[in-house]
Each structure stands twice: as structure tokens, then as C-alpha cells.
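For reference, the structure is listed below as C-alpha cells.
Just so it is clear, the values below take in all heavy atoms, side chains as well, and ignore hydrogens, waters and symmetry mates. For reference, positions follow the sequence shown, starting with 1.
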Amino acid sequence: MRMPYALAVALIFAVTAVLSLVAASYAVTKIEDASEFAVRRALNLKGHDWAEVQSDGLRVVLTGTAPDEATRFNALTAAGTEVDTSRVIDEMEVAPTADLTPPRFSAEILRNDSGITIIGLVPASLDRDDLIDRLQRLDQNSSVSDLMESADYAEPKGWDQAIDYAIEALSGLPRAKISASPGLVRITAIADSQQEKNRLEQDLSRAAPPGLRIGLSISAPRPVITPFTLRYLIDENGGQFDACSAQSEDARELIVATAREAGLTGPYSCTIGLGVPSPRWSNAAQLSILALAEIGQGSVTMSDADITLVAAQDTSPILFDRVVGELENALPDVFALHAVLPEPEPDDPAGPIEFNATLSPEGLVQLRGRVSDETLRDMTDSFARAAFGSTQVYTATRVVQDLPTDWPVRVLAGLDALSHLHNGALTVTPDDVSLTGVSHDPDAKARIAGLLSDKLGDAQDFNLSITYVEPPAPQDALPDPEVCEEQIAEVQSNSKIAFEPGSATVASDSRDALNQIADILRECGPIRLEIQGHTDSQGREEMNQQLSQARAQSILNELRGRRVPTSSFSAVGYGETQPIADNDTEEGREINRRIKFHLIRPEPVPDTETGLEAVEAESPDAEAQDAGSEDQ
């Protein structure tokens, strides 16, 4: 039976369609597999093993999480080298970006005669108006310039503490630069003298909170010496300086070496300062001292460019004339020499021609001797009452005619010099002004020599015998922090602070040592102290650190219980990280188990461009304020 034609055609079409569909499906599968394989291989070769590849017909879908945007783009590029980029479907993700590192906040405060300037990067949460107001209260007559930028990040730990301390420190520093950052404050400033420098360093160190690091760079400028003075004497006991000034280290070394050659005995001081009248000052001083040594005895006084050489009364006139002539020809042109050979004093049956003033340690002053007229008597009495106190002066002078014309100048200059002493005696004669006494100022002798040289003028002799005695310490003065640290170390060397085994409980036999340390700390006042706990290396490191911290805190609590002010103390455990002995022996481990009282000292400020030049540049006397240290 023959199949109808129409049915045969339909069957043929159906079979053909099925075969075509099977062939197309096979071709598509082959293309998908080939595309997926090629793209996966390309990604692996580029190191993108994090990416997943899936074929969907002609489409190639990329999934996975790229570490960053650049890596994602690189993966797309690698896939595009194997298949047409229009077939690549990007469904990849990028890992979330890590939080940005907060900026480094810091504020730099400059203070000088022109006002206060603050510059830096600060947190946006900072109350800038309050900060500017606090700075303005330091000096109501100066302006405060706000040059700060802000960033919207949380205030870092230690920021408020640093800013508070910076403002507190600036209150006592009229010329300074302070850099404040979280946990660290660096101070660069200028002091008026070496004594002021030492006081500032101690006060700033005591005032700093215990957890704050500080760096101090305080310089004492060389003084401006007016007049520039040098006075050297030779007597039967040898040579000595009453005053010595030099413009540099080299000049000082030359002057001192010459004085030693001329018989210098005992201690001396030679101040380096500004105001030298000639660069050849040291050469003139050398020539003058050597000339005096050749004469034998006497004194040489240099006041700026004036030189006065006074020989002893029994000096040979021939020797005196030769030495003076040689010195006059050798001195640099700017210097003028005045040479004096005293004549023997005639006998005076009416008594010595002199004026005397005595100053007792209690401050009482007695004026005796001769004055030229009533006006001078009233002047000396008024001057003394102004200098020493109106109720401290007793006057018993008498008016005598025919005194030297310069008698008033000599008397008043001598009283002015006496006012610089703690106690002493003044004797004025027609040929000499003599001052003896005691001073609590190490520079008093040099200062008085300069004063008398300036007031008395050229060719006038004077004698100084001034002894320096350290002033008694004020009864309420706090001891130096270094002394406190040494005293505590001495107590611990005699009696170690021990604990119950494996605990932070202080052993009973260590109570006495803690009592002694508490007594010392109460006397020392608010010093910055770190109570350190240390252990041996036995046991786990983490447990040792926790034990050392607990022991340090226990000592701090014990001191608080003994009513020691501990606001400037901190307790820190270092565990086994800082051994001072061998942990392999029992003796070494016993040494390593310790409590240490460590004085927190200021950190040195690096010697780099600090910006202090900007502080000095605003001052009208900037050139006179040299940043070198005063040498004594």
C-alpha cells in the first residue's frame, strides 16, 4: 500500500526538522563548551582564579568577587581576548573598600610679640571657637590667627590631653613654638637666662600628664654685655679674674690661656655674649694681661675700647714706662690705654680721707666717713634708702672741704655696687674704691666690675673681694625629680618590693619599703612617674604581661592608700620583655621580677628646621637674641 504523497512530504519535513534541531543543539553545546574553556583558561593564566565562567548560548557570564576595581577590569580584558566582548556579560562584584586611614592630626602654635598663630589639621568635632578663646585669654592685647584645616574623623586618643597641655605650657612662654599631636607635644622656646631655662624645663616637665610624651628644646640666648668688661688682677697670691667677657669660644680660650700663663689661680668664669667693641677684643686682652704680668702686680680693666692698667705702688718707673710703651704700640687701633703708677700716700694727721658703708646680712646699712657738702650727704642718704629700704639706713657722715672733685661719683657708684650684694662693706678713698662681701648671684662680681668700670671712667682703680655663696633653698622648694628617683632606687636596693607568689598582693615584708617610698614621693610633689612591672620568662607571655600590669597597678593603689598624690603617676606592665638578668638561672629570674619607679623625662627635639625662626623674626630685637647657650 503506497503512502499518500502529502503524508510522505510531511514525514520528510518532520525528520529533517528533528535532525536540524539535534545538529543545532550539538553545535551550540560545542560552542558554549569551547567558549567557556577558552575564557577560563585565559583567566587562570592571568591569575584570576577567583572568577567563575558560565556559558549561556553565545553569552559568557563572568561572576565572582574581585579584590578591587582594577582587577575586575583586567579580568574583563582577559575574557575579551578569547570571545567577542559583546558576548561577555559582567556580573562580577568588587570587594568592599577598606576604611581609609585617618589623617594625622596635629596643631602648631606660634607665639611672639606679634600675637598667636595656630595652624594644622584638626578633627571637625573640635570646638574651634573655644580653642581660639582659650588662646586669646593668654594675652588679651594680642591677636589670634586661625589657620587650621579640619577633617571629619573621630578625635584620636590623646588629642584633647595634648591640646590642653600645649595651651597650659604656652601661658608661661611669651616666645615659643608648640607642636601638639595625639600623645605628643614638642616645645621650642627661648629663655632669658640659663637659670630661667632650667626652671622652665622643670616646670614644664612636672606639669605634663603622665601618659603624654613631651619634647623640650629651650635655649638661653647669649646676653648682651654692656659695657663689655674684663678685669684681671695680680697680687702676692697670684692672678684672678674679677670679670671676663668674650665674644666666642675661641676668644674665651685665648683669654683664659693667657691668664693661666700670667699666674691665674682658683676658679674663674668668662661669659660669652654680644656687644664686643672690636673683633680683636681677645688680642687686646691677651696683650694687656701679658703686660700686667711683666710689671708684676696690679690690675688691668677693659671697658669696651678703654683699657686701664694700674701698677702696684712700688713698681719700678723704668719698667712701668717700658711695658706701657710697648703695650700702647701693640694694641689694635680702636683701643685706648690709660696707665697709672700710684704715688706714695702722704701721712694725714686729720685721719684717712674715706667714705665707708656697711651692709649687714639682715639688710641694715650704716653710712660713715666724709662727704664734700650737705647736698652729697642728702644724696647718699636718699640713694641708700631707695636702694636698701627707708627704715634700714643709718647715716653718720660728716662734711669735709677740699675732697676730690669726683668724690660724689665715686661714693654713689660704690653704693650702687654695694646694693648688688647680700652683705658687705664699701670703702671709698681718693685713689681707690674697695668692695668686699657676699653675693648669692654667681655673676655679681662680673656685673659689679662692669658697673664700676663704666661709672668711674678711665684710669680709675677699684678692688673687689666678693665671695659667691649659694642661696639657701626655700623651705617650700620641691627637690629635683632626679634626686627623688635616686632616693627611691636607694630604698629598693636595700629592700626589694616583693609579692605573694603568682599574685599581685604585696608581700608583708615589703610594707616598710613602700612606706619609705611613699614618704619620698610626698616630699617630691607632682613629678611624672611611671611605675613599671616586670616578670621573668616563666609561663605564657600573655599571662606574664597581665601579672606585671596587675602588680604595677597594685603598687599605685598602695601609694594612694598612703595618701600620695598620684595624678601624675601611671602604672605599666612590661611582662618579660625587658629582662636585666639571665632568665635561665633562678637568681636571674629573681632579679627580673621587679617593680621599677621610672621618671618620665622630656624627649629631645630633633635639631631640624622648627619654625622658631618665624617666632624670632617678628621680634624687633631678633638680631640681639642669639640662640646659643650662655656659658658660665
> Of all residues at least two apart in sequence or in a different chain, which pass the side chain to side chain contact (heavy atoms under 4.5 Å, CB included) check with Ser86?
Replying inline: Asp84

> Heavy-atom count around Glu482 CD within 6.0 Å, excluding the residue itself: above 12?
Replying inline: yes

> More than 12 non-hydrogen atoms from neighbouring residues, nucleotides or ligands closer than 6.0 Å to CZ on Arg137, yes or no?
Replying inline: yes

> How would you list, by chain and number, every residue that makes a side chain to side chain contact (heavy atoms under 4.5 Å, CB included) with Asp519, sequence neighbours excluded?
Replying inline: Arg522

>> Looking at every non-hydrogen atom in both residues, tell me the closest pair between Lys197 and Ile218 and how far apart they are.
In response: CE-O, 2.6 Å

> Looking only at heavy atoms, what is the nearest atom pair of Ala513 and Val491, with distance?
Replying inline: O-CG1, 3.8 Å

>> Using 0.5 Å steps for rounding, measure from the CH2 atom of Trp159 to the OG atom of Ser106.
In response: 6.5 Å

> Do the side chains of Ser150 and Leu121 get nearer than 4.5 Å, heavy atoms only?
Replying inline: no

>> Using side-chain contact (heavy atoms from CB on, under 4.5 Å), reason through Leu62 and Val88 one step at a time and then give a plain yes or no.
In response: CA-CA 7 Å; Leu62 301 183; Val88 179; 3.8 Å; yes

>> Tell me whether Asp203 is salt-bridged to Arg199, with the criterion being a basic N under 4.0 Å from an acidic carboxylate O.
In response: yes

>> Using salt bridge (Lys or Arg N to Asp or Glu O under 4.0 Å), reason through Arg72 and Asp90 one step at a time and then give a plain yes or no.
In response: CA-CA 9 Å; Arg72 184 194 68 82; Asp90 178 15; 2.3 Å; yes

>> Are Arg528 and Ile214 packed together at the side-chain level, in the sense that at least one heavy-atom pair is separated by less than 4.5 angstrom?
In response: yes

>> For Glu586, is the CD atom crowded, meaning more than 12 foreign heavy atoms sit under 6.0 Å from it?
In response: yes

>> Would you compute the distance between atom CZ of Arg128 and atom CG of Asp133 and round it to the nearest 0.5 angstrom?
In response: 14.5 Å

> What distance do Glu500 atom CD and Ser508 atom OG have between them, rounded to the nearest 0.5 Å?
Replying inline: 6.5 Å

> Can any side-chain N or O of Asp68 pair as donor or acceptor with the backbone N or O of Thr71 at less than 3.5 Å?
Replying inline: yes

> Any chance the side chains of Thr566 and Arg560 put a donor and an acceptor closer than 3.5 Å?
Replying inline: yes

>> Using a 3.5 Å distance criterion without hydrogens, assess whether the side chain of Ser548 forms a donor-acceptor pair with backbone atoms of Gln545.
In response: yes

> Is it true that atom CD of Gln54 has more than 12 heavy atoms of other residues, nucleotides or ligands lying nearer than 6.0 Å?
Replying inline: no

>> When you compare the side chain of Val61 with that of Val53, does any pair of heavy atoms fall below 4.5 Å?
In response: no

> Closest approach of Glu108 and Ser179, non-hydrogen atoms and distance?
Replying inline: OE1-OG, 3.5 Å

>> Looking at every non-hydrogen atom in both residues, tell me the closest pair between Ile600 and Pro210 and how far apart they are.
In response: CD1-O, 3.3 Å

> Would you say Ile178 and Arg111 make side-chain contact, with heavy atoms under 4.5 Å?
Replying inline: no

>> Listing request: all salt bridge (charged side-chain N to carboxylate O under 4.0 Å, His left out) pairs with a residue in residues 159-168, at least two apart in sequence or in separate chains.
In response: Arg134-Asp164

>> Run Ser125 and Glu155 through side-chain hydrogen bond (donor to acceptor under 3.5 Å, both in side chains) and show every step you take.
In response: CA-CA 7 Å; Ser125 58; Glu155 290 186 2; 3.3 Å; yes

> Any side-chain heavy atom of Leu547 sitting closer than 4.5 Å to one from Phe499?
Replying inline: no

> Side chains of Gln516 and Asp512: do they bring a donor and an acceptor to under 3.5 Å?
Replying inline: yes

>> Checking Arg511 now: which residues fulfil side chain to side chain contact (heavy atoms under 4.5 Å, CB included) with it, not counting sequence neighbours?
In response: Val506, Glu558, Arg562

> Considering residues, nucleotides and ligands other than Asp152, do more than 12 of their heavy atoms fall under 6.0 Å from its CG?
Replying inline: no

>> Hydrogens and angles aside, do Asn592 and Glu576 bring a side-chain donor and acceptor to less than 3.5 Å of each other?
In response: no

>> Under a 4.0 Å threshold between the charged nitrogen and the carboxylate oxygen, would Glu590 count as salt-bridged to Lys496?
In response: yes

>> Looking at Leu254, is its backbone amide N or carbonyl O close enough to the side chain of Ser282 to form a donor-acceptor pair, meaning the two atoms are under 3.5 Å apart?
In response: no

>> For Arg601 and Glu485: C-alpha separation, side-chain torsions, deciding distance, then whether salt bridge (Lys or Arg N to Asp or Glu O under 4.0 Å) applies.
In response: CA-CA 11 Å; Arg601 295 174 172 85; Glu485 186 181 37; 2.5 Å; yes

> Step by step, would you call Ser554 with Asn557 a side-chain hydrogen bond (donor to acceptor under 3.5 Å, both in side chains)?
Replying inline: CA-CA 5 Å; Ser554 176; Asn557 295 338; 5.8 Å; no

> Should Leu170 and Ile167 count as side-chain neighbours, where that means a heavy-atom distance under 4.5 Å?
Replying inline: no

> Can you tell me how far the CD atom of Gln136 sits from the CG atom of Leu131, to the nearest 0.5 Å?
Replying inline: 11.5 Å

>> One pair to check against side-chain contact (heavy atoms from CB on, under 4.5 Å): Ile517 and Ile497. What are the steps and the verdict?
In response: CA-CA 10 Å; Ile517 292 173; Ile497 296 177; 3.8 Å; yes

> Any side-chain heavy atom of Phe597 sitting closer than 4.5 Å to one from Gln532?
Replying inline: no

> Pairs in or reaching into residues 533-544: which pass salt bridge (charged side-chain N to carboxylate O under 4.0 Å, His left out), with residues at least two apart or in two chains?
Replying inline: Asp536-Arg593, Arg540-Glu542

>> With a 4.5 Å cut-off on side-chain heavy atoms, are Lys46 and Asn74 touching?
In response: yes

>> I need the minimum non-hydrogen distance between Ala162 and Gly183, along with the two atoms involved.
In response: CB-N, 4.4 Å

> Looking at residues at least two apart in the chain, or sitting in another chain, which of them share a ring pair (Phe, Tyr, Trp, His ring centres under 6.0 Å) with Tyr165?
Replying inline: none

> Going through the distances and angles, do Arg59 and Arg87 end up as a side-chain contact (heavy atoms from CB on, under 4.5 Å)?
Replying inline: CA-CA 5 Å; Arg59 301 192 313 164; Arg87 296 171 51 196; 5.7 Å; no

> Is there a donor-acceptor pair under 3.5 Å between the side chain of Asn583 and the backbone N or O of Pro579?
Replying inline: no

> Can you check side-chain contact (heavy atoms from CB on, under 4.5 Å) on Ile163 and Val185, steps first, answer last?
Replying inline: CA-CA 8 Å; Ile163 291 295; Val185 174; over 6 Å; no

> Measuring from His48:NE2 to Met92:CE, what's the distance to the nearest 0.5 Å?
Replying inline: 8.5 Å

>> With rounding to the nearest 0.5 angstrom, report the CD1 to CG distance, Ile187 to Leu216.
In response: 5.5 Å

>> Can you confirm whether Gln538 is buried at CD, in the sense that more than 12 heavy atoms of other residues, nucleotides or ligands lie under 6.0 Å from that atom?
In response: yes

>> Using a 3.5 Å distance criterion without hydrogens, assess whether the side chain of Thr81 forms a donor-acceptor pair with backbone atoms of Ala78.
In response: yes

> What heavy-atom pair brings Ala166 and Ile109 nearest, and what distance separates the two atoms?
Replying inline: CB-CD1, 4.4 Å

> Between the side chain of Gln492 and the main-chain N/O of Ile595, is any donor-acceptor distance below 3.5 Å?
Replying inline: yes

> Is any NZ, NE, NH1 or NH2 atom of the basic residue among Arg589 and Asp582 found under 4.0 Å from an Asp or Glu carboxylate oxygen of the other?
Replying inline: no

